[in-house]
Structures are given as structure tokens and as C-alpha cells.
There are 4 protein chains.
Amino acid sequence: MSRTVKAGILGASGYTGADLVRLAACHPEVELSVLTANSHAGKTMADVFPHLGGLELPRLQKVEDTDWSGLDIVFCGLPHGTTQEIIASLPKSVRVVDMSADFRLRDVETYAQWYGHEHLAPALQQDAVYGLTEHYRDAIANARLVACPGCYPTAALLLLLPLLKGGVISPDRLVIDAKSGVSGAGRGLKQNMLFCEAGEGLSPYGIASHRHTPEIEQELSVAAGRDLAVTFTPHLIPMSRGELLTVYADMSEGGSAKDVRACLTEAYRTEPFVRVAPEATFPATQHVRGSNFCLLGVYEDRVPGRVILVSTLDNLVKGSSGQALQNMNVMFGLAETMGLEQQPLFP
Amino acid sequence: MSRTVKAGILGASGYTGADLVRLAACHPEVELSVLTANSHAGKTMADVFPHLGGLELPRLQKVEDTDWSGLDIVFCGLPHGTTQEIIASLPKSVRVVDMSADFRLRDVETYAQWYGHEHLAPALQQDAVYGLTEHYRDAIANARLVACPGCYPTAALLLLLPLLKGGVISPDRLVIDAKSGVSGAGRGLKQNMLFCEAGEGLSPYGIASHRHTPEIEQELSVAAGRDLAVTFTPHLIPMSRGELLTVYADMSEGGSAKDVRACLTEAYRTEPFVRVAPEATFPATQHVRGSNFCLLGVYEDRVPGRVILVSTLDNLVKGSSGQALQNMNVMFGLAETMGLEQQPLFP
Amino acid sequence: MSRTVKAGILGASGYTGADLVRLAACHPEVELSVLTANSHAGKTMADVFPHLGGLELPRLQKVEDTDWSGLDIVFCGLPHGTTQEIIASLPKSVRVVDMSADFRLRDVETYAQWYGHEHLAPALQQDAVYGLTEHYRDAIANARLVACPGCYPTAALLLLLPLLKGGVISPDRLVIDAKSGVSGAGRGLKQNMLFCEAGEGLSPYGIASHRHTPEIEQELSVAAGRDLAVTFTPHLIPMSRGELLTVYADMSEGGSAKDVRACLTEAYRTEPFVRVAPEATFPATQHVRGSNFCLLGVYEDRVPGRVILVSTLDNLVKGSSGQALQNMNVMFGLAETMGLEQQPLFP
Amino acid sequence: MSRTVKAGILGASGYTGADLVRLAACHPEVELSVLTANSHAGKTMADVFPHLGGLELPRLQKVEDTDWSGLDIVFCGLPHGTTQEIIASLPKSVRVVDMSADFRLRDVETYAQWYGHEHLAPALQQDAVYGLTEHYRDAIANARLVACPGCYPTAALLLLLPLLKGGVISPDRLVIDAKSGVSGAGRGLKQNMLFCEAGEGLSPYGIASHRHTPEIEQELSVAAGRDLAVTFTPHLIPMSRGELLTVYADMSEGGSAKDVRACLTEAYRTEPFVRVAPEATFPATQHVRGSNFCLLGVYEDRVPGRVILVSTLDNLVKGSSGQALQNMNVMFGLAETMGLEQQPLFP
């Protein structure tokens with residue numbers, strides 16, 4: 001069967017790559033032509049991910065053995081720091097959706113500061129479009145290189161960008177308390193990701209030092225019209241998928257939670273993937289698991305002048321592979337929801 | 001948008017009903033026209049299952065308030081014992097796929113013995129076709145009433161029917177050790193289903209008395225050509241979805257695990273949803289979660305003459321709603337995989 | 001064997017009661033003489049909690065059938081609202097440690113406002129001592145009625161009381177983002193506590209309306225020397241035991257995280273159950289599971305002038321039964337750690 | 001404080017070592033004088049296991065730097081294959097309780113066959129006593145070297161030894177379907193032990209090849225008075241602790257489940273740690289978590305002549321460290337339950 005878009009996935013042996021394969025398998029216009037995974041070259045995808053054994057897929061190969069001609073798009077699911085040079089070496093005819101952190105920060109010095117090494121493709125960085133679909137749709141449509149946001153930034157920005165742009169909350173003193181499932185850490189072997197360590201318990205991590213912070217601040221500063229800094233604390237939760245952010249904000253003088261809710265509702269009125277939860281309901285990661293939805297909530301605090309905000313999404317879908325596919329749809333003029341209609345898996 | 005099949009779901013507020021909605025939402029030829037849930041009549045589906053809040057669906061109504069005209073098919077997800085009379089009262093023009101236990105047992109006396117009350121629609125029972133798609137496909141195509149197998153019987157029979165028909169294992173002394181996630185118990189309030197009770201632990205239940213036993217024996221007896229009894233022990237596992245059966249069997253005189261594997265492989269060579277796992281892999285519920293797949297495994301025992309068999313599926317999909325939709329596809333001449341192409345959700 | 005303290009437990013069929021039995025069984029000076037559970041009267045504790053089947057315990061009985069003479073102490077693990085009249089009816093010779101919410105709020109009007117009904121024993125309320133052992137030790141020693149703090153208040157107050165008393169943080173704008181395991185909701189049947197609902201996901205609940213809020217504010221106001229209000233948001237986490245609070249605070253003018261840490265370290269230097277985690281470590285509920293420990297953490301924020309604080313404990317032990325037993329030790333002049341030396345269960 | 005028994009733990013950085021520290025900390029007659037962990041030498045135990053931060057413990061050191069004089073006993077929690085030479089090198093004055101697999105198999109050729117290398121201390125093997133306390137108590141009392149059984153063998157043998165000795169079940173055709181939590185795999189980094197891989201699902205592993213099989217067969221053969229082979233299939237369950245075995249057996253001619261139950265009840269009538277569950281209850285791992293108990297169950301099958309048996313314990317306690325401490329008590333003439341009175345942690 002001939003399909004419109006010939007796609008490759010670099011780093012198909014990670015969770016992000018596997019989830020993109022899962023979604024692409026149901027996309028009527030995507031043909032997966034290339035899958036790379038250097039440490040598993042020669043294996044089938046089913047060797048590495050038995051749950052994908054029902055699909056016919058190309059065999060895993062090395063990046064350096066890959067013939068890029070004929071590809072329309074490449075998705076990169078490689079670890080940050082390894083992506084910049086590879087992407088710089090791709091033929092110009094191939095469009096790129098990068099799911100790593102390598103092209104998210106516009107300022108290469110900020111990149112160097114947070115990632116511990118110089119940016120390796122600063123020229124390319126200039127062309128990168130930040131891939132938060134709902135807010136950069138037009139630029140994405142015409143981009144060659146789209147840098148998909150991190151999972152936490154996606155959840156934070158979908159919630160806060162309209163509120164700062166609309167001036168209903170203050171850009172100062174924002175507190176973002178984030179909770180994430182374990183899949184956010186990837187498939188690498190780390191002791192604290194073992195079932196016995198991460199199970200039946202929770203803990204904060206990366207307090208005041210998580211690399212998604214500058215990305216959140218970069219975009220919020222644009223929306224606020226001036227530089228700002230946020231307090232951001234992630235926590236590791238004993239579940240595989242999903243993340244939820246609880247955000248504490250000061251409302252603008254004279255504002256109310258009702259105004260805040262109205263602003264968000266209006267901002268996403270026609271969006272297929274972003275919804276504001278009814279007032280009486282609290283968003284839960286269970287409500288979005290496995291889907292491309294982001295669910296938002298707005299609640300009045302008892303402390304006058306403050307509002308409590310919630311944002312939840314599946315870190316591997318809307319927070320990564322799903323948003324990547326959504327961006328591809330935009331780039332190729334396809335219906336934006338194509339291949340992303342799967343509803344959440346509950347229970 | 002006009003679709004081919006107008007469908008109703010009776011008992012849409014259970015896990016089975018919700019999972020059918022999830023799948024039907026991605027089925028290009030199904031229009032969900034009626035959803036009933038007597039205790040939630042008047043509510044939206046999103047009130048009862050917030051994860052389905054992204055769909056446009058008819059409001060929940062009472063069975064007795066339902067206008068059946070115009071419906072092509074009704075799926076019943078009601079508790080056993082309540083279904084027989086309701087189905088008997090439906091117009092003959094509506095075809096029925098029953099996901100309850102009410103029409104699975106051909107012998108109404110066996111039904112009475114295991115379910116504790118007389119069968120309430122014995123005439124209708126005569127017309128019911130047992131809905132194990134891979135083995136009753138032709139009869140299902142022409143049936144008015146299809147009785148979908150229980151989740152355990154689906155897993156057990158897909159594994160064992162070809163082996164008994166092929167004569168490669170003995171019908172005697174079969175031991176079925178079954179493990180299931182908690183969703184099999186439904187959404188009702190039971191103390192042993194609380195997170196704190198069912199979490200971080202496991203236990204057997206219903207030893208030698210589970211109601212899926214006679215259903216398994218009914219079908220295995222047909223395949224074996226004579227009555228047989230099985231040892232069947234289910235266990236409750238701290239996970240939401242999925243079940244896995246480990247079966248201990250004597251091979252036929254002179255047989256080998258290789259023969260057993262060959263028999264299964266041949267039986268399902270062209271089936272889209274049943275696969276035999278490669279010899280070096282062990283099936284896991286993680287490999288089928290959220291999908292309509294059933295994964296089988298065959299392993300030689302150290303004890304001569306014995307073979308260890310494995311069968312796994314998602315109890316809410318292939319074990320219930322997915323198989324129901326698969327049967328609907330067969331009944332309406334649609335491609336059998338339509339709406340069921342979702343790949344497993346892992347992790 | 002004769003032991004010093006004859007004890008009864010009212011409401012022994014809840015998780016709190018069961019955990020108290022677990023701990024008391026290893027306490028060398030406690031004899032459990034009475035266990036009540038009105039809905040299970042006549043049963044053994046092992047009927048209701050099979051994990052306690054290895055102990056010899058009195059049979060469960062009704063409160064109204066209980067002979068209080070000979071008892072030195074009664075622990076109350078009844079639901080709030082039912083405790084006030086029962087405690088008022090006990091002989092004066094029996095000392096009482098109440099684990100419900102009924103006597104925690106000094107102001108009976110605040111009680112009425114948050115709990116929806118008048119206080120039923122306002123006179124008795126005057127005598128109640130707030131049972132946060134580390135901060136009310138002397139009063140507890142001489143009290144007849146000790147009102148043990150809620151689990152969230154215990155974690156919040158152990159963290160914040162020394163900091164407000166020491167003047168190192170500001171009493172304004174405190175944000176308490178709390179995460180709790182499911183056992184905090186008790187053993188009652190609620191749909192959202194089912195394994196399939198609470199598992200593999202998380203959500204906030206009771207935003208800006210949780211009943212532990214006035215209790216936290218009551219004690220923090222005393223420490224701050226003036227009324228204050230806190231932002232408090234609890235979340236339900238897919239684990240059975242444990243809770244962790246992440247607190248965002250403004251430091252006092254010119255203060256540093258180092259000062260804050262020093263203040264906490266000094267406050268608990270000689271306490272057996274409260275520890276400040278080393279700077280490089282993040283407290284986790286896994287570090288305290290099943291034990292009477294509370295673990296605190298202090299981290300500098302990137303936003304100048306702010307500090308991020310963490311407090312974690314086992315909600316059923318230090319947050320309830322363990323603290324109750326600790327108070328009993330204080331009341332009867334026993335070593336404060338007696339019966340509470342069990343180390344955390346990890347993994 | 002001076003205590004009777006000066007103990008060392010070799011391999012204190014594994015789960016088994018840590019659990020032994022947890023238990024020993026509450027043992028009134030044990031002083032932990034030496035803790036080794038070669039890869040963590042120089043660190044504190046709290047660096048490696050923060051949950052033990054409340055204890056005063058010796059610093060971790062290398063085996064080769066250890067002064068054995070003054071030690072009464074050494075517990076070995078090293079990986080199998082590494083233990084034999086280390087134990088052979090210890091001074092004769094030090095008694096040894098080995099928790100590894102190195103001395104469990106009496107026949108060094110069976111050892112070589114299952115573990116893939118020659119036994120490195122065959123002479124010492126002759127002196128080793130199999131440490132299943134309830135069945136080898138007298139020999140253990142006088143042993144210098146006790147080889148503690150594996151977790152699965154402990155559960156299997158406590159269940160089956162009395163039944164074979166009593167002749168109430170047949171030694172042929174025993175099927176042991178075993179389910180274990182993830183901690184059985186230790187703290188090493190393996191992909192299939194990651195939270196995202198082992199969570200929310202289950203699978204068999206090591207079918208017909210698990211190394212606990214020969215150990216089970218060795219002891220069952222002794223009890224049966226002749227060689228036998230068992231069918232043994234372990235499964236990995238998404239929980240940290242606990243294991244449960246479901247065993248399918250033929251009863252002896254004319255026997256009944258009642259006889260089987262009576263035999264077990266009588267065998268363990270006076271044992272403090274082994275209990276037969278009441279007929280109406282099913283043993284669950286939740287009933288023994290964190291404790292030294294083993295809980296057994298006996299149920300009549302529907303298939304005539306067969307019985308379904310259940311055995312459950314905490315793999316890290318009765319299946320390892322707890323049993324090791326119980327053996328130490330026996331070896332040093334202490335009360336057998338000393339330090340092991342902790343009740344199960346539930347929920």
C-alpha cells in the first residue's frame with residue numbers, strides 16, 4: 001500500500017520510538033521505511049519490543065548505514081547531545097521532527113549552561129521551530145526542523161501560555177509542582193528506576209535543577225513579554241505513564257478563578273486535543289493515558305488572589321510521540337488528528 | 001457522518017461497556033446511537049468515565065426508555081442473570097452480541113447449577129452461537145445472537161482447542177493456572193478490589209468453583225469428542241488489565257513440544273489476532289495490553305511427556321469488548337480487523 | 001504475662017486500628033484487652049484482617065457491650081463525628097488517645113464549619129491536648145485526652161513549626177503540595193479507591209477544601225504568633241502507604257537555605273523519630289514505610305529568596321497509630337521509642 | 001550495650017542483606033559488627049539504603065579488609081558462585097549462615113550441572129546443613145555451616161514435605177506454579193526489572209529451567225524415599241515482595257482434602273511461623289508481607305482424587321533473611337522467635 005509520507009525513526013529502541021511506532025501503525029498516511037537503533041542493529045523491532053510483534057516493520061539498522069533518499073521525514077528519538085550532529089548531516093530534502101532536547105532552547109548559551117557542553121549545530125538551531133503545536137502551528141507548517149517540547153514544558157505551556165498572554169495571572173512567583181510516571185526516564189538501566197525502588201513510593205528529584213526549567217522559562221517569558229523565573233519541582237510517581245502539574249499562581253489584580261477558566265476555555269475552544277475539565281472534576285492522568293489529550297483544570301484557592309491550576313497529559317504521547325506525529329500532520333497538510341484518534345486506555 | 005452499523009450498548013457504565021466505546025470510537029463503520037446505564041440515566045458518558053470526555057456520545061438512558069428501532073446491533077454488557085429477559089424482549093430485527101455469561105452454556109441445566117437460578121430464556125439459548133470468533137466464524141456470520149466467551153475461556157480455548165482437535169495433547173488431567181488483573185471483577189464496590197487490598201500482593205480465588213469452568217469444559221469436550229473435566233485455579237494479580245494462563249498438559253504418546261508448537265502455529269497461520277510467541281520468548285500480559293491480540297507459548301517440560309503452555313490476552317479487549325467488535329465485523333461482512341488495529345500500550 | 005498498660009482499641013476494623021494492633025503486638029508493656037468494631041462484633045480480628053492471624057487477640061465486640069473497668073487507656077480509631085459522644089461517656093479513669101479528627105480543633109466553631117455539624121462534647125474539647133509528640137510532649141504526659149494530629153498536619157507541622165518559631169521563613173504565601181497513598185482514605189468502599197481507579201495514575205482531590213487545612217493553620221498560627229492561611233492541595237498517589245509534602249516558602253529577609261536547614265537540624269537534634277535528610281538526598285516515602293520516622297529535606301530554590309522543603313512519613317504510623325503509641329509511651333512514663341523501633345520496610 | 005552474638009553480614013548492599021539489617025536491628029541479642037559490600041566499601045549503609053538511616057551501623061568494608069576475630073557468626077548474602085571460596089577461607093571459629101545457593105545441593109555434580117561450574121569447596125559441602133528450620137532444627141543447632149534454602153524451595157518444602165512423609169499425596173506428577181514479586185531478582189540492573197517493564201503485567205520465566213528446581217527435588221526425594229521430578233514454573237508478578245505457590249497434586253488412593261489438611265495442621269501444630277489458613281480463606285502474599293510467616297492452604301479439586309495446595313511467604317524474610325535469623329537463634333540456643341515477632345505490614 002502506498003502512503004503519502006515515508007518516515008524514518010532514529011532511536012527506535014527507546015520508549016519514545018516504540019510509542020511512535022505504535023501510533024504510526026494506525027496512521028493511514030505514514031509508511032515507516034527506516035528504523036534505526038545502533039545497539040540493536042540487525043534485530044527486528046519485535047526482538048526489542050515484543051508488544052509490536054504484530055506489525056510488519058523494517059529491521060533495525062545503524063544510523064550510519066541508512067539511506068535517507070526517499071524519506072520525507074525523520075523523527076529523532078535519540079538522547080540529547082547526540083542529535084545535533086546527526087541532524088546536521090541529513091539531506092536537506094528530509095524534514096525533521098526532533099523529540100530530543102537538542103534544539104528546544106533558542107539561546108545556545110543557555111543550552112551550554114544547562115546541558116554541560118557547547119551546542120554542536122548552532123546554525124541549524126536558528127531554523128528550528130518550537131513544536132508546541134497549538135501555539136506555533138503556522139511556523140511548524142513551513143518548518144524543516146521542528147524541536148518538540150519536553151513533556152513537562154508541554155503540560156506547563158499549554159496551561160500557562162494563554163493565561164500570561166491574556167494577562168489574567170501574574171508572571172511572578174509561579175510554582176510548578178510536577179508529578180511524572182517512570183517512563184519519562186527512558187529505558188536505560190538506572191537503579192532508581194527498578195520496580196523495587198520506584199514502586200510503592202514517591203520522591204522529588206532534580207529540585208531546582210531540572211533541564212526542562214529553562215525551556216519553560218523561555219516560552220513563558222515570550223508570553224509575558226519579559227524575563228521570568230519559575231519554581232519547578234518534579235516528582236517520580238509509581239506508575240508507568242502520565243504526568244500531572246499542579247501550578248500555584250497569583251491572579252491579576254481583581255481577577256477571579258472564573259476569569260482564568262474563561263481565558264483557558266476560549267483559548268482552546270476549537271482545539272481537538274486540549275480540554276478544560278468541568279469545574280466539579282479534577283483532572284487525573286488516568287483520563288489521558290495512551291492518548292494525545294491534555295486536560296486542564298482551574299480552581300479557586302482559599303487564599304485570596306490565588307488560583308490553583310492543573311495540567312495533565314501522557315508524557316509519551318502528547319508529551320512526546322503524539323505531539324511529534326501531530327506536528328508531522330501539520331507539516332504535510334494532513335488532518336491534524338489523523339492517527340491520533342485513540343481514546344485513553346482506562347482502566 | 002453516516003456509518004453502516006447503528007449500534008447500542010446496554011450497560012455502558014461498566015468497564016466492558018467503556019472499553020467498547022473506546023474501540024468503537026475508532027471504528028469507521030460504527031455509529032453509537034444508544035447507551036444505557038439504568039443507575040446513571042440522564043448523565044453523560046463523561047460524567048461516569050471522564051477519560052471519554054473527548055467523544056461526542058448519546059446521553060445515558062434507561063433500558064426501558066430505549067427506542068430500539070433503527071438499531072442494527074446491540075451489545076450487552078449487563079451483569080449475568082439480568083440479560084436473558086432483556087434480550088428476549090428486543091425486536092427480532094436487532095442483532096445481539098452478548099458479553100455477559102447468560103447465553104454461553106448450551107445446556108440450561110448446567111447454567112442453573114453454576115449460576116444458581118433457572119435460565120430465563122431457554123428458547124433463545126437454542127439460537128445463541130458461541131462467539132469465539134476464530135473457531136465459530138461461519139456460524140457467527142449468520143447468527144442473530146452471539147454469546148461472547150468469558151475472558152478465561154477465550155484464553156484457554158484459543159490455546160487448547162486446536163491441540164485437542166489435532167490430538168497432540170491428552171484431554172485428561174489438564175491443569176489451568178490462571179492469573180488475572182483486577183478489572184475482571186468489574187467496577188462494583190467490593191472490599192477485596194480496593195487498591196490497598198489488591199495492591200502489592202496476590203492470591204488465588206474461586207478455587208475449584210469459578211463459573212468459567214463449565215464453559216471451558218463445554219468447548220473442550222466438543223473438541224475432544226468426549227466429556228472432560230479440568231482443574232482451574234484463578235488468581236488475582238495487582239494490575240488492572242490482562243490475564244495469563246499457564247497450562248500443564250500431557251502430550252499424546254510419542255509427541256513432542258515441537259509437534260504441539262507446530263499444531264498451534266498452523267492453526268493460527270492466517271489469523272490476524274492470534275500469534276504463537278517465538279520459542280525463546282515468554283508471553284507477557286504487557287505484550288497485549290489494550291489490544292485484541294492473544295499470544296500463545298509452548299515449552300517443553302523437564303518431566304518427560306509433559307508440555308507447558310501459555311496464553312495471554314487483555315481481558316477487557318480480546319477477552320470481552322474487542323472480541324465482541326470482532327464478531328460484529330463478521331456479522332456485518334466488514335473486514336474482521338476493522339476498528340481493532342490498535343497496538344498494545346507498552347509501557 | 002502481665003504488662004503495665006491495659007489498652008483498648010475502639011474501631012479496630014479500620015486500617016488505623018489494624019496498624020495499631022500490629023505495633024502493639026511488639027510493645028513489651030502493652031496488653032490489648034479490648035477491641036471493638038460494631039459491624040464485626042463477634043468475629044476474630046483474623047476474620048477481618050487475616051494478616052493478624054498469628055496473634056492471640058480478644059474477640060471483636062460492640063462499644064456498648066464493653067466493660068471499661070481495668071483499662072488504662074483507650075485508643076479511638078472511629079470515623080470523625082462518632083467519637084465525641086463515645087469518649088464523653090468513658091469513665092474518667094481511662095485515659096484516651098483519639099486518632100480521629102474530633103478533638104483536634106480548639107475552636108468548636110471552626111470544627112462546626114469544616115465538619116458540618118456542632119461539636120458534641122465542647123467541654124471535653126477544652127481538656128484535649130494536641131498530640132504532636134515532639135512539640136507538646138509535656139502537656140501530653142499529663143493529659144487525659146490526647147487528640148492525635150491528622151497525617152498531613154503531622155508532616156506539615158513537624159516541618160514548619162520550628163521554622164516559623166525560629167523566624168527563618170515567612171508565614172505568608174506558604175504552598176503545601178501534598179501527595180498521599182490510598183490507605184489515607186480508609187477501608188470504606190468508594191469507587192475512586194478501587195484498584196482499577198486509583199492504580200497507574202494520580203490526581204489532586206479536595207483542592208482548597210481538605211479538612212486538614214484548619215488544623216495546619218491552627219498550629220502554624222500559634223507558631224507564627226498571628227493568624228495565617230496556607231494553600232494546601234492533596235493528591236492521591238498509586239501506593240498504599242506513605243505521604244510526602246513539598247512546601248514552597250519565602251525565606252526571611254537575608255536568610256538562606258543553609259539557615260533553614262540548620263534551624264531544622266537543631267530542632268530535632270535529639271529526637272528519635274525526626275531526621276533531616278543529608279543535603280544530597282531527596283526524602284522518599286520508601287525511606288519511612290512501615291516505620292514511625294518523619295524525614296525532612298531542605299533545598300535552595302533557583303528563585304532568589306525562596307526555599308523548597310520536603311516532609312515524608314508513613315500516614316498510618318507516624319501519621320496515626322505510631323504517633324498514638326508514642327503518645328501513650330509519654331503518658332505512661334515509658335521509653336518514648338518502646339514498641340516503635342521497627343525499621344522501614346524496603347523494598 | 002553488650003549483646004550475646006557478634007555478627008557480620010557479607011554482601012550487605014543487596015536486598016537480602018538490607019532486610020537482615022532491618023530485622024537484626026530489633027533483635028535484642030545481635031550486634032552487627034561487620035558489614036561488607038565490596039563495590040560500596042567506605043560508604044555508610046545509609047548511603048546505599050537511605051531507609052536504614054536511623055540506625056547506627058558499622059561502615060561498609062571490603063571482604064578482604066575484614067577482621068573476623070571476635071565474630072560469632074557470619075551471614076552471607078553474596079551472589080551464588082562467589083561464596084564458596086570466601087566461606088572456605090573464614091576462621092573455623094566463625095559459624096556461617098549462607099543465604100546464597102552455594103551449599104544447598106548435597107550433590108556437587110548436580111550443582112555443577114545447574115550452575116555451570118565446578119563446586120569450589122566440595123569438602124565444606126559435606127558439612128553444610130540444609131537450613132529449612134522446621135525440618136532440620138536439630139542438625140542446624142549443631143552446624144557450623146547452614147545453607148539456607150532458596151525462597152521457592154522454602155515455600156514448596158514447608159508445604160510438601162509433611163504430605164510426602166505422611167503419604168497423603170503422590171510424589172508423581174506434582175505441578176508447582178509459582179508467582180513471585182520482583183525483589184527475588186535482587187538489586188542488580190536488568191532491563192526486565194525496570195518499573196516500566198515489570199509493572200502492570202506478568203509473565204512466566206525460567207520455564208523448566210529454574211535453578212531452584214533441583215533443590216526442591218532433592219528434598220522432596222528424601223521425603224518420598226525415592227527420586228522424583230517436579231514441574232516447576234515461576235512467574236514474575238508486579239509487586240516488590242512476596243511469593244505464592246499453587247501446587248496441583250494427586251492424593252493417595254482413597255485420600256481426601258480433609259486428610260491432607262489434617263496432616264499439615266498436625267505437622268505445624270506447635271510451629272510459631274507456619275500456619276494452615278482456615279478452610280474458607282485463601283492465603284495471600286498480603287497476609288505475610290514483611291513477616292517470617294509461611295501460610296498454607298488446602299482445597300479440594302473438582303477433579304476426583306486431586307487436591308489444590310497453596311503456600312505463601314515473604315521471599316526476603318521467611319524466604320531468606322528471616323529464616324537465616326531463625327537459624328541463628330537455633331544455633332545459639334536463643335528463643336527461636338527472637339527478633340522475628342514483627343507482624344505483617346498490611347496494607
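Here is how names work: the chains are called A, B, and so on, in the same order as the sequence lines, proteins then strands, and each is numbered from 1. What's counted below: heavy atoms across the whole structure, side chains too, no hydrogens, waters or symmetry copies. Note that this is a predicted model, so its numbers are computed, not measured.
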>> I'd like to know if the side chain of B:Tyr248 pairs up with that of D:Thr233 as donor and acceptor (distance under 3.5 Å, no hydrogens or angles considered).
In response: yes
> Is it the case that more than 12 heavy atoms not belonging to B:Gln113 sit under 6.0 Å from its CD atom?
Replying inline: yes
> Is the number of heavy atoms from other residues, nucleotides or ligands within 6.0 Å of CG (D:Asp107) greater than 12?
Replying inline: yes
Under a 4.5 Å cutoff for heavy-atom pairs, which residue among [options] has the most contacts with chain D?
options: B:Ala229, B:Ser209, B:Pro238, B:Gly242; value: B:Pro238
options: B:Asp250, B:Val288, B:Val310; value: B:Asp250
options: B:Gly181, B:Gly201, B:Gly297, B:Pro304; value: B:Gly201

> Which residues in residues 191-199 of chain D have a heavy atom less than 4.5 Å from any heavy atom of chain B?
Replying inline: D:Cys196, D:Glu197, D:Ala198, D:Gly199
Does any backbone or side-chain atom of [X] lie under 4.5 Å from a heavy atom of chain B? Answer side chain, backbone, both or neither.
X: D:Arg302; value: both
X: D:Ile237; value: side chain
X: D:Ile308; value: side chain

>> Is there a side-chain contact between D:Leu244 and B:Pro204 in this structure, where contact means two heavy atoms from C-beta onward sitting under 4.5 Å apart?
In response: yes
> If you check every heavy atom in residues 210-221 of chain B against those of chain D, which residues fall under 4.5 Å?
Replying inline: B:Thr213, B:Glu217
> CG of D:Leu309 to CD1 of B:Ile207: how many Å apart, nearest 0.5 Å?
Replying inline: 9.0 Å
> What distance separates B:Lys179 NZ from D:His235 NE2, expressed to the nearest 0.5 Å?
Replying inline: 3.0 Å
